[in-house]
Structure formats: C-alpha cells, structure tokens
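Start at 1 and go down the list; that is how both ligands and their atoms are numbered.
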Amino acid sequence: MEPVTSRGAVPVVIGPAPARPAAAGAADASPARAGGQPARGSSARLRGDGLVDRWGRVATDLRVSLTDRCNLRCTYCMPAEGLAWAPDETVLKDDEVVRLVRVAVERLGVREVRFTGGEPLLRRGLEGIVAATAALRTPDGAAVGTALTTNALGLDKRARSLAAAGLGRVNVSLDSLDRERFAAITRRDRLPDVLAGLRAARDAGLGPVKVNAVLVRGVNDDEAVPLLAWALEHGYHLRFIEQMPLGPAGSWDRGDLVTAREILDALTAAFDLVAEPTGARGAAPAETWTVRGRPGATVGVIGSVTRPFCGACDRTRLTADGQVRSCLFAREESDLRGLLRGGADDDTVADAWRAAMWGKKAGHGIDDVGFLQPARTMSAIGG
Ligand code: SAM
Ligand code: SF4
C-alpha cells in the first residue's frame, strides 16, 4: 500500500541532508523564525539518513502509543464516555511494534523510545516490547534509552518487572494531591493507586521519576506550590504542562489557559528557583529550574502553547494503529501498518517514515488564524 504523506509521494534523493539549525530559544522557537527558509533541496532524501525535515530538524526521539484506551477519563484529554476505540485488528501487534521500533533505531537514527498511550500499562505485552527495545543497538553500538509515560494505575505491581525488562525511566501523570479533585479531574477515585505506583517506580530504580501535572483553571490552579513541595519531599521531578487543544471538542479555551508565566509566578513566590544554564535544554520540551537549597531538585515547565519549542523538536510519533505523525498537531499521518501487513521490506518502511518526517511543519500553529485542532485527541495520538 502506498503510504499517505503530506507530500503525496516519497521524495527522491538529490543532495546532502540540510544542517540542523542552531538551537532556538524557547520564545523564538519556530524554525521559520530561527532558520529563515526551509532547507534547500527540498526533495532530498538520502537512503541511510535519519529522520530529517525540510527545516533541518532531526528526529531522534520516538514516542510509541501502545493503545488508545485508558482507565481514567481526564477532562482535558477524553470525554466522560471515552472514545470510539480503535478496532483490535487495526492496532499493531507486539511483533509489529517491535519491528517498527527496530527500523527506527537501526536505520533512522532514533536513540530514545518512550511508550505511551492511552494508558500503556493496559498493554499486556508491555514488558516484552520493552525488553525487545532495550536489546536494540544503534548503528554505533549504543543502547537505546527507554521510558514510559503512564497514569501509574497498576504500576505498583509491574514496576519491578518493567525494570527487569530494561525500562529506564517513568513519567507519571498526577494533577492533584487532593483526592476529591483528583477524582473530579480524572473522573475516577484512584489517587491512592497512583501514589502507590509512584513509590513502586522509585523503589524499582525507574528514576529519576518525573511527575507531569496539568493545571486546570478553577479546579487545581492553586496547586503549583503544594505539588512542588510534595515532589521535593518525595524526590520526584515535577513538570507542569500547559493544557493544549488536544482534548474533547470544546474543552480548550485559550483565555482559560493556566500559563507557564502564571505557574512560574506562583512557584517563585514560594521557592528560590535558579534557571538552568542557557543551552542546557537541548531538545527537551521543559524549561527547567533547580531549587536553591535542595540539591538535585528540579522543576520544569512545558509551555507548549505560550512558549513553543518547535524549533528544537526532535520527536517522531507512532500511533497504536501504526500511523506515523510528525507532530502532535499534524493533520496528516503516514500508514506504516499497511506497509508492514502488505509485505514491505525494512528499506521501504524506513523510506516511508523519512518521507513522513520530511513534511513536518515548522511549528504547531496554535496561534495561526486558520488553526484547526487535529481530528485525533491526545490519547489517540499518544501524548
Ligand atoms: N495515560 C498516560 C498518562 O496520562 O500519563 C499516557 C498518555 S497521556 C495522553 C500523556 C500526557 O499527556 C499526560 O501527562 C497528560 O497529562 C497529557 N495530556 C493529555 N491531554 C492533554 C492536553 N489536552 N494538554 C496537555 N497535556 C495533556
Ligand atoms: Fe488517560 Fe492519560 Fe488521557 Fe488521563 S491523560 S485520560 S490517564 S490517556
């Protein structure tokens, strides 16, 4: 099957890969602003090359969604009734996931693989997929970094087996320490299970354990300081994520967004924060601060909406049903599942993946007049 790409066809090799732009500042992060024009030779694609886009960015960080299903219903992510889940036959089997990850690591320059969803702990074969990924080596013989983004329900029982399988790190999503608020946000009364999962992850050595928090206006927007105090006490690395227009239709209102600025104002009123040195951020989405007087403690803010970092983005995404997305906000996907099941060899799959990434847009465009929310929500894409 011909992969569907934003460019319609696999581009042809005519020249060397464009150079990566100099690291862009957080507030001036679109490649259009950072680098000026798209790289020349815009139909360039080198067999054996990595995942280069026409703005010169190189994707080395793969996000793999293992399921679009979830056992929570966070208001900013999913409607209360859930979604129309992907039919089972469209979801990649374990061996198909592992094959695509292998192609990405061995042929496309991917060095970090993060498993997500939906809720990745719902995937029975997770340990096996992690073990197969951890056994991969890049062409220069390096091990691949592995990580999991999870709501931590059931992690208390699986943290050890995941660590034994070779999992490196865990990010746990937790928006409130108040049981009633947690239940209001997630529509499930499961805060104690999340806290148990977090402890188990730390005890199993899946660290540094990061905690992701989304603040919602009028619900938990007063919890920035208590969440950081709690994270410092328990040795977790807290990161706040600005809410993005990737949830149920009508659930996002820019005017209601709890911004990175507001979060930082609240934190700096209570803690002595020291910004990480310029340039230390690399492609990381979070701006990070250390907390004076607390050795090793950090807090991050991911200002996806008000402080976009698209110019430094190094991500490529694979959905649970085998579609490559160049961006969370992409409106196009490229079908690798059809290629796999149609008998395509690894070269063909790799070429289709490169072509998909070549078409990556300069930025997410949330501020553009014509911005349209992607048809799939965060849980279906893989956050
Ligand atoms: N279920 C897992 C979890 O919650 O960690 C993994 C998938 S979830 C989609 C990944 C991350 O996306 C979570 O940290 C969640 O808070 C975040 N997220 C979901 N919807 C979001 C939105 N509309 N804006 C910002 N972050 C969102
Ligand atoms: Fe589930 Fe994660 Fe979405 Fe919450 S954010 S509904 S835990 S996929």
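Comparing S173, G247, C70 against atom 14 (O) of ligand 1, the shortest heavy-atom distance belongs to S173. Heavy-atom proximity to atom 9 (C) of ligand 1, evaluated over M378, R114, E242, is greatest for M378.
Expressed to the nearest 0.5 Å, how far OG1 of T186 lies from CG of L72 amounts to 5.0 Å. Taking OH of Y76 as the reference point, atom CE of M378 lies at 9.0 Å (rounded to 0.5 Å). A distance of 12.5 Å separates CD in E332 from NZ in K360, rounded to the nearest 0.5 Å.
If you check the side chains of E119 and T150, you find a donor sitting under 3.5 Å from an acceptor.
Protein heavy atom at the shortest distance from atom 3 (Fe) of ligand 2 is C77 SG, 2.4 Å. Residue, atom and distance of the protein heavy atom nearest to atom 1 (Fe) of ligand 2 are C70 SG, 2.3 Å. The protein heavy-atom contact nearest to atom 8 (S) of ligand 1 is G117 O, 4.4 Å.
Between Y76 and ligand 1, at least one N/O pair is under 3.5 Å apart. Remark: ligand 1 and M244 share an N or O pair separated by less than 3.5 Å (distance only, no angle test).
Taking every non-hydrogen atom of C77 and a distance limit under 4.0 Å, the qualifying atoms of ligand 1 come out as 19 (C), 20 (N). Atoms of ligand 2 lying under 4.0 Å from any heavy atom of N151, numbered from 1 in the order shown and given with element: 7 (S).
Using a 4.0 Å cut-off between heavy atoms, T150 contacts ligand 1 through its backbone alone, with no side-chain atom that close. Both the backbone and the side chain of C74 come within 4.0 Å of ligand 2, judged by heavy-atom distances. Residue contacts with ligand 1, taken as heavy atom pairs separated by less than 4.0 Å, involve N212 solely via side-chain atoms from C-beta onward.
Within the 4.5 Å cutoff, the side chain of L246 has no heavy atoms near those of the T377 side chain. Here the side chains of V52 and W358 are in contact, with some heavy-atom distance below 4.5 Å. In this structure, V301 and W289 have side chains that are in contact, with non-hydrogen atoms separated by less than 4.5 Å.
If you chain together hydrophobic residues whose side chains sit under 4.5 Å apart, L108 and V98 fall into the same group.
R124 and D94 are not joined by a salt bridge, as no carboxylate oxygen comes within less than 4.0 angstrom of a charged side-chain nitrogen.
Judged by the shortest distance from any of its heavy atoms, G118 lies inside the 4.0 Å radius around the atoms of ligand 1.
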